[in-house]
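Right, one structure below, let's go through it.
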Amino acid sequence: MDHKTLVSHARAAKRFSHSPYSRFRVGAAVLTASGKIYTGCNIENSSYGLTVCAERTALFKAVSEGETSFTAIAIASDETTATPPCGACRQVIMDLAGDIDVILTTRNGKYTTLKTTALLPYPFGGKNLKNLRRTRR
Ligand code: THU
C-alpha cells in the first residue's frame, strides 16, 4: 500500500466531517501492518470540549475492530497548508500506533511525512506505568 492511496482515503473521509461549529473539515486514514485502511473524520459537539478529532476517530475505529499494529496515518483538511495533529492526537497516535509515518497533506495534493517521535519527542507511555502496576500487584 503506497502513501498516495492512504492520502486519498484521508481526503475522502472529510466528507462525513461533523463540524457545524468550526466548519473545519478533517479526514484521517490509518494503515494497519496487514494493509487494511480505517478512516475517520472530526466529530464536533455542542459542548465543544467533547469534540473528537479525525485522527482519534480513525484509530479508535481500528482498535475497536481488533487492530493492534499500524504503519502510517494520513491527515487531510481543506487548507492549503498542512494540518498537523493536535497535541492530544499526538499522544494517542504514539500510544496506540507508536513511531509510525504521519502524513500531513494540503488541499493541493502536496504532503510531507514525519515520524510520531518527531511530532512528540520524549513521550509518556505505557512503560512509565510499569512501576505503578508492580506496586499494585
Ligand atoms: N481537528 C482534527 O480533527 N484534527 C486535527 O489534526 C486538528 C483539529 C478538528 C477538531 C475540530 O473539530 C476542528 O478540527 C477545529 O479545531
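Whatever order the structure lists ligands and atoms in, that order sets their numbers, starting from 1.
Between the side chain of R90 and the main chain of L119, a donor-acceptor pair closer than 3.5 Å is present. Between the side chain of N45 and the backbone N or O of S47, at least one donor-acceptor pair lies under 3.5 Å.
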Could you check F70 against I93 for side chain to side chain contact (heavy atoms under 4.5 Å, CB included), going step by step and ending with a plain yes or no?
-> CA-CA 10 Å; F70 303 94; I93 294 167; over 6 Å; no

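Remark: minimum distance from atom 3 (O) of ligand 1 to any protein heavy atom is reached at A54 N, 2.9 Å. Shortest contact from atom 5 (C) of ligand 1 to any protein heavy atom: E55 OE2, 3.3 Å. Nearest protein neighbour of atom 9 (C) of ligand 1, counting heavy atoms only, is N42 ND2, 3.6 Å. Looking only at protein heavy atoms, the nearest one to atom 14 (O) of ligand 1 is F24 CD2, 3.3 Å.
The shortest separation from a heavy atom of C89 to ligand 1 is not under 4.0 Å, leaving the residue out of contact. By the 4.0 Å heavy-atom criterion, P84 is counted among the residues contacting ligand 1.
Contact record, T106 with R11: O-NH2, 3.4 Å, taken as the closest heavy-atom pair.
Between I73 atom CD1 and H3 atom NE2 the span is 11.5 Å, to the nearest 0.5 Å.
Each of the following atoms of ligand 1 lies closer than 4.0 Å to a heavy atom of E44: 11 (C), 12 (O), 13 (C). Taking a cut-off of under 4.0 Å to the non-hydrogen atoms of C53, the atoms of ligand 1 that pass are 1 (N), 2 (C), 3 (O), 4 (N), 10 (C). Close contacts between ligand 1 and P85 involve ligand atoms 6 (O) [criterion: under 4.0 Å to a heavy atom].
Side-chain contact annotation: E65 with Y38, donor-acceptor N/O pair under 3.5 Å absent.
Put simply, the residue from N42, T57, D78 that forms a side chain to side chain donor-acceptor pair (under 3.5 Å) with S17 is N42.
There is no protein heavy atom closer than 4.0 angstrom to atom 16 (O) of ligand 1.
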